[in-house]
Amino acid sequence: MKRYDFRAIEKKWQERWARERTFRTLGPGDPGFDASRPKYYVLDMFPYPSGAGLHVGHPLGYIATDIVARYKRMRGHNVLHPMGFDAFGLPAEQYAIEHGVHPRVTTEKNMETMRRQLRALGLGYDWDREIATIDVRYYKWTQLIFLRMYDSWYDADADRARPIADLERLLEKGERLAGPEGVAIPGGARTPSGEAPRPWASLSRKEQEAFVDAQRLAYLAEVPVNWCPALGTVLANEEVTPEGRSERGNHPVYKRPLKQWMLRITAYARRLLDDLDLVDWPEPIKMMQRNWIGRSEGAMVRFAVAGTGEAIEVYTTRPDTIFGATYMVLAPEHPLVEKIAAPDRAAEVRSYREAAARRSDVERQADAREKSGVFIGARAVNPATGKEIPIWIADYVLMGYGTGAIMAVPAHDERDFAFAKEFGLPIRPVVLPSPEWLNAQRTTREAYLRDPAALDAVYSGEGEGVGSSNAEVSLDGLRTDRAKEAIVSWLERKAIGAAKAQFKLRDWLFSRQRYWGEPFPLLHGNGGRVRAAGEGDLPVVLPEMEDFRPAVSGDPETPPKPSLARAPEEWRIVTIDGERWEREHNTMPQWAGSCWYYLRFIDPKNDDRLVDPEKERYWMSPGGVDLYLGGVEHAVLHLLYARFWHKLLYDLGCLSTKEPFGRLFNQGYIQAYAYTDDRGVYVDAARVVEEKDGTFTFEGKPVSRAYGKMGKSLKNAVTPDELVAEYGCDSFRLHEMYMGPIEVSKAWSTHEIVGMHRFLLRIWRNFFDEKTGALLVREERTPEDLLRLLHRTIRTVTDDLENLRFNTAIAALIELNNALVGRGGLPRAVAEPLVLMLAPMAPHFCEELWEALGGEGSVAAAPWPACDERYLVCDEVEIVVQVMGKLRGKISVPADAREEIVRERAAADPGVQRHLEGKTIRKVIFVPGRLINFVAS
RNA sequence: GCGAGAGUGGCGGAACCGGCAGACGCGCUGGAUUUAGGAUCCAGUGAGGAGACUCGUGGGGGUUCGAGUCCCCCCUCUCGCACCA
């Protein structure tokens, strides 16, 4: 072959890989499977088959994992490297609506486009394992997992999920009791509410059913949910931005109480938090999950409402400040407000509550600093001081966290302080500030204790208790942590409080009113009864519908109308034993299918179980997926949900590991310039022209330049297709990997690809005479210096690939190749390892060279070159000579030269002599093999 | 406001444990080839200086024989969280 004809080469090898099924992965049970090899499971985050196809930002991660997969295979691993499509969900449905076609049609077409683009990049996936969440053979198992959740409860004492049948048996035998807050154990601690659990037999059949239903991990509940009328569906907390808008489409979201299906992810809060220690993930991602789960340590305390039988439960992280609780605040929505508000305050209370209900989260956010609220005319008794304190309602207390009520300690909490100052409530210090803090506030201990309100600042730190004692307990002089212990044990003794860990994490709202999702395997009967479909009745197939459009609206008062409510009756209505049942109308959210797809890749065609246990053990044990690569945008959504499902399946005995993804890696974004017109609307960046004066125009009109993540929304996408056509996909792959570290975001620059293309051309010329086409590789003795460079390169490249440092691995290979330029022929002992090391990154190119070298089979199956340590040590080394820490010369000495010899030789160097002239050497620093430094004066 | 990370040539980025700053690539300059452009190839390329040398890793200080790297203070940028009791 004369010139590097990448078109012919890439076509040839892609066809051969497909024909010979080069990347087919064998697992336990497959003929020819070699169980003695170690496994390596490398996975890309499940892509969404979008209508726009791939842009150059998408393959960044795919190329990286492909390189790792190919490298690990050459290192002798059995590699699982599959690909599939997360094809249910809102965007797919939106796209279908926009194009007036059924989502199945558009989705299939998009998948085909993506498959073609991925193949064109030479990605070595095992396409025999391809899965799509919309396939009935796949979502049957998604539905089965849901059934398992529905049929499970969380045993807090065993700290794991168990089948509902176990609960019923335990309740009947009296080994568990039906408590007001859930399942209780006999003789267990009294709950803070003080209500005693009831014996099972004393409950009516209906009460028993209701109790059991309330324990299920998938349960129906009426709770305030995020209703997005513009999308026509409710959304999970994770899908709503901090501004109170939908993550998708940026539409307004309203809180509405609606009856919806929930998944009890909160039962797993502690394990989801603690088990982050088991995985090798980027620290920021762990941090984000920890933040989202939001554990805090504190206590529940009951405050009696004076003159009534009612009590207010509060949660506090600072029980040690209870003596400073001078008033209480309930969230405006708190159910107790109606019961205890004084009649003469009713009008004011009602108007405040209505105003609060009308205010969106965005508005509450906007004026977070200004405190508002009203006194409701009732008083509570501070159990520590015995004094009556006023009860207020205020929207700075949120119904969604803790109990929706607080004890306010204005002396030691900023929010309470601001509120107390606003409304003239008493501020009573009970913790001594540190001397440093008092100094910074230019005050003294005495002045502070006399009037803490005189300052603008609040002391919310830790310190010794002061003024905190009653007849039974004293916190005076105790440090905060000791004070907490003392007061909690007192509260527990008095049965008015208990220590408790609290989580920010809420249960997962799991139903959507859209069409394009997995139907729930559930049936609704008369009188609100619910029954699950039998496992044998799965799959519940999504019905074909002419009009699948969601009922969207701009009015937040519109009730949700699920699309499946309009499904044909033969789908909706099921008759069992003469009784009519109606199928659940909601569908599952987009995240459902991606919660467990990594398990299905292990055994994608199994119609009898979701995954074969032997195969699961082989590919998942011990650390789960060995490398999971994707963007940070899934930090809390997908990654938290998937971990939750995984733990549940683990509890039910389906899986062998506690965590799904042992090692996670985030790729950075590809960013690019984007352009907006005078209305601020993005215009197609590809058609923007740069004028001579440096300004930019679109269709003749000036536009301004912005910068951001490449994609559809900024209209600045560049597709890989043209680049691959012009330079070949091997150049493209190298270029994407060479741009910088995989984990950092970087700017796209199309023209820089020529660098990598030239690199390949340069290798080609080292291998072939371009005039004659003759191979220039010879069976000759390799010079010593070249061997040393080669083995240094092997070590560098191996080390870099292990650590996903593709940019420096490529740089090392360029250096090696540059050393071969102009030699006129190269020894086989260098040519072969060079081809092998480059093969994971430029696979087609290297297959061609490997074939020309007479290599056996595909280069993908060839062994990785070994580094010979003997060539890493040199006899002669260059030593840097410094005078007073500045470089003054270099000398070459034997590697094992002793200090005296080096010193003598270094001092003889003319450059060094010049700088030592007239000075006395006071000290000599000698680092063997590296440097010698004369300290002189 | 709180937390995390990052600031290195014209640009993307290298630099193991504190030991030659700027590997490698783009761009640029010069040359070759070409009718020409493009593409390709060869050489050079941190700044200042004729030179010996000097200065250079956001700014300031420190530790050290020696600091991009370690410590303290400050500035800028990116990301995450933000009434969570």
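Each chain gets a letter, A, B and so on, in the order its sequence line appears, and its residues count up from 1. Here the structure is a predicted model, which means the values were calculated and not measured.
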Roughly how many Å is it from CD in Gln671(A) to P in U78(B), rounded to a whole number? 11 Å

Quiz item: Lys923(A) side-chain donor-acceptor pair to C65(B) base, under 3.5 Å: no

Is the Tyr4(A) ring parallel, tilted or perpendicular to the His757(A) ring (thresholds 30°, 60°)? tilted

Is G9(B) syn or is it anti, if syn means the base angle is within 90 degrees of 0? syn

Relative to the 5' end of RNA chain B, which residue comes earlier, Lys746(A) or Ile406(A), by the nucleotide with the nearest heavy atom? Lys746(A)

If the glycosidic angle is within 90 degrees of 0 it's syn, otherwise anti, so just tell me which one C17(B) is. syn

NZ of Lys504(A) versus P of C2(B): gap in Å, rounded? 17 Å

What integer number of Å spans the C1' atoms of G46(B) and U29(B)? 15 Å

Work out how far the P atom of A4(B) is from that of U64(B), and round it to whole angstrom. 29 Å

For Ala311(A), enumerate each residue passing the side chain to side chain contact (heavy atoms under 4.5 Å, CB included) test, keeping only those at least two apart in sequence or located in another chain. Arg302(A)

Minimum side-chain heavy-atom gap Asp395(A)-Tyr352(A) below 4.5 Å: yes

If you find the nucleotide of RNA chain B closest to Val880(A) and the one closest to Met739(A), which residue's nucleotide is nearer the 5' end? Met739(A)

Compare all side-chain heavy atoms of Leu330(A) with those of Ile312(A) and state whether any distance is below 4.5 angstrom. yes

Anything under 30° is parallel, anything over 60° is perpendicular, the rest tilted; go ahead and classify Trp764(A) against Phe845(A). tilted

Spell out yes or no: do the side chain of Glu752(A) and the base of G27(B) have one donor N/O and one acceptor N/O closer than 3.5 Å? no

With sequence neighbours excluded, residues passing side chain to side chain contact (heavy atoms under 4.5 Å, CB included) with His634(A): Met45(A), Trp591(A), His638(A)

N/O contacts under 3.5 Å, protein versus nucleotides 43-50 of chain B?
none

Pairs under 3.5 Å (N/O, protein and nucleotides 51-57 of chain B):
| unit_1 | atom_1 | unit_2 | atom_2 | d |
| --- | --- | --- | --- | --- |
| A52(B) | O3' | Arg914(A) | NH2 | 3.2 |
| C53(B) | OP1 | Arg914(A) | NH2 | 2.4 |
| U54(B) | OP1 | Arg888(A) | NH2 | 3.2 |
| U54(B) | OP2 | Arg888(A) | NH1 | 3.2 |

Pair up each side-chain donor or acceptor in residues 280-289 of chain A with any protein partner under 3.5 Å, not counting sequence neighbours, and list the distances.
| unit_1 | atom_1 | unit_2 | atom_2 | d |
| --- | --- | --- | --- | --- |
| Trp281(A) | NE1 | Phe661(A) | O | 2.8 |
| Glu283(A) | OE2 | Arg290(A) | NH1 | 3.2 |
| Lys286(A) | NZ | Leu276(A) | O | 2.9 |
| Lys286(A) | NZ | Val279(A) | O | 2.9 |
| Gln289(A) | OE1 | Arg643(A) | NH1 | 2.7 |
| Gln289(A) | NE2 | Ala635(A) | O | 2.8 |

Does any donor atom in the side chain of Thr266(A) or Asp507(A) lie under 3.5 Å from an acceptor atom in the other side chain? yes

Without swapping roles, check the side chain of Arg805(A) against the backbone of Glu802(A) for a donor-acceptor pair under 3.5 Å. no

Pairwise C1' distance, C81(B) and G66(B) [rounded to whole Å]: 42 Å

Under a cut-off of 3.5 Å for both distances of each Watson-Crick or G-U pair, what dot-bracket string does RNA chain B give, using [ ] for crossing pairs and | for inter-strand pairs? (((((((..(((......[....)))((((((.......))))))(((....)))..(((((..]....))))))))))))....

Can you name the residues that form a ring pair (Phe, Tyr, Trp, His ring centres under 6.0 Å) with Phe419(A), not counting sequence neighbours? Tyr327(A), Trp392(A), Tyr396(A), Phe423(A)

Whole-Å C1' distance, C71(B) and C16(B): 22 Å

Choose from G25(B), A85(B), C20(B) the nucleotide whose nearest atom is closest to any side-chain atom of Glu878(A). C20(B)

To the nearest Å, give me how far apart CD1 (Ile879(A)) and P (G19(B)) are. 15 Å

RNA chain B contacts among residues 803-817 of chain A, heavy-atom distance under 4.0 Å: Asn807(A), Thr808(A), Ala811(A), Ile814(A), Glu815(A)

Using the P atom as the reference point in each nucleotide, state the distance between G59(B) and G10(B) in Å, no decimals. 14 Å

Could you tell me which residues satisfy side chain to side chain contact (heavy atoms under 4.5 Å, CB included) with Ala906(A), sequence neighbours excluded, listed by chain and number? Val881(A), Ile891(A), Ile932(A), Phe934(A)

Distance between P atoms of A14(B) and C24(B) (Å, rounded): 14 Å

Report each atom pair, protein N/O against N/O of nucleotides 36-42 of chain B, whose distance is under 3.5 angstrom.
| unit_1 | atom_1 | unit_2 | atom_2 | d |
| --- | --- | --- | --- | --- |
| U40(B) | OP1 | Arg758(A) | NE | 3.3 |
| U40(B) | OP2 | Arg758(A) | NH2 | 3.3 |
| C41(B) | OP1 | Arg765(A) | NH2 | 3.1 |

Flag side-chain contact, heavy atom, 4.5 Å: Leu637(A) against Glu239(A): yes

Expressed in whole Å, how much space separates the C1' atoms belonging to C77(B) and G22(B)? 23 Å

Should we say atom CD of Glu633(A) is surrounded by more than 12 heavy atoms from elsewhere, each under 6.0 Å from it? yes

Minimum-distance nucleotide (side-chain atoms of Thr317(A) versus A85(B), G25(B), C26(B)): A85(B)

salt_bridge(Asp320(A), Arg318(A)) N-O dist < 4.0 Å: yes

Have a look at His751(A) and say if it touches a base, only the backbone sugar-phosphate, or nothing, with a 4.0 Å heavy-atom cut-off. sugar-phosphate

Tell me: CZ of Phe419(A) to C1' of A85(B), nearest whole Å? 14 Å

What nucleic acid atoms does Asp416(A) come within less than 4.0 Å of, heavy atoms only: base, sugar-phosphate, or nothing? nothing

Flag yes if more than 12 heavy atoms outside Arg903(A) fall under 6.0 Å of its CZ atom; otherwise flag no. no

With sequence neighbours excluded, residues passing ring pair (Phe, Tyr, Trp, His ring centres under 6.0 Å) with Phe417(A): none

Could you check how far OH of Tyr738(A) sits from P of G27(B), rounded to whole Å? 13 Å

Would a 4.5 Å heavy-atom cut-off, applied to side chains only, mark Arg888(A) and Lys886(A) as touching? yes

Partner residues of His915(A) under the ring pair (Phe, Tyr, Trp, His ring centres under 6.0 Å) criterion, sequence neighbours left out: none

Roughly how far apart, to the nearest Å, are A6(B) and U69(B) at atom C1'? 15 Å

Name the nucleic acid region contacted by Ser749(A), choosing base, sugar-phosphate or nothing; use a 4.0 angstrom heavy-atom cut-off, strictly under. nothing

Please classify the nucleic acid contact of Glu414(A) as base, sugar-phosphate, or nothing, using heavy-atom distances under 4.0 Å. nothing

Do other residues, nucleotides or ligands put more than 12 heavy atoms under 6.0 Å from the CG atom of Asp456(A)? no

Checking G13(B), G19(B), C24(B) against the side chain of Arg930(A) (C-beta onward), the nearest is G19(B)

Nearest-angstrom distance from the residue atom CE of Met737(A) to C1' of C26(B): 18 Å

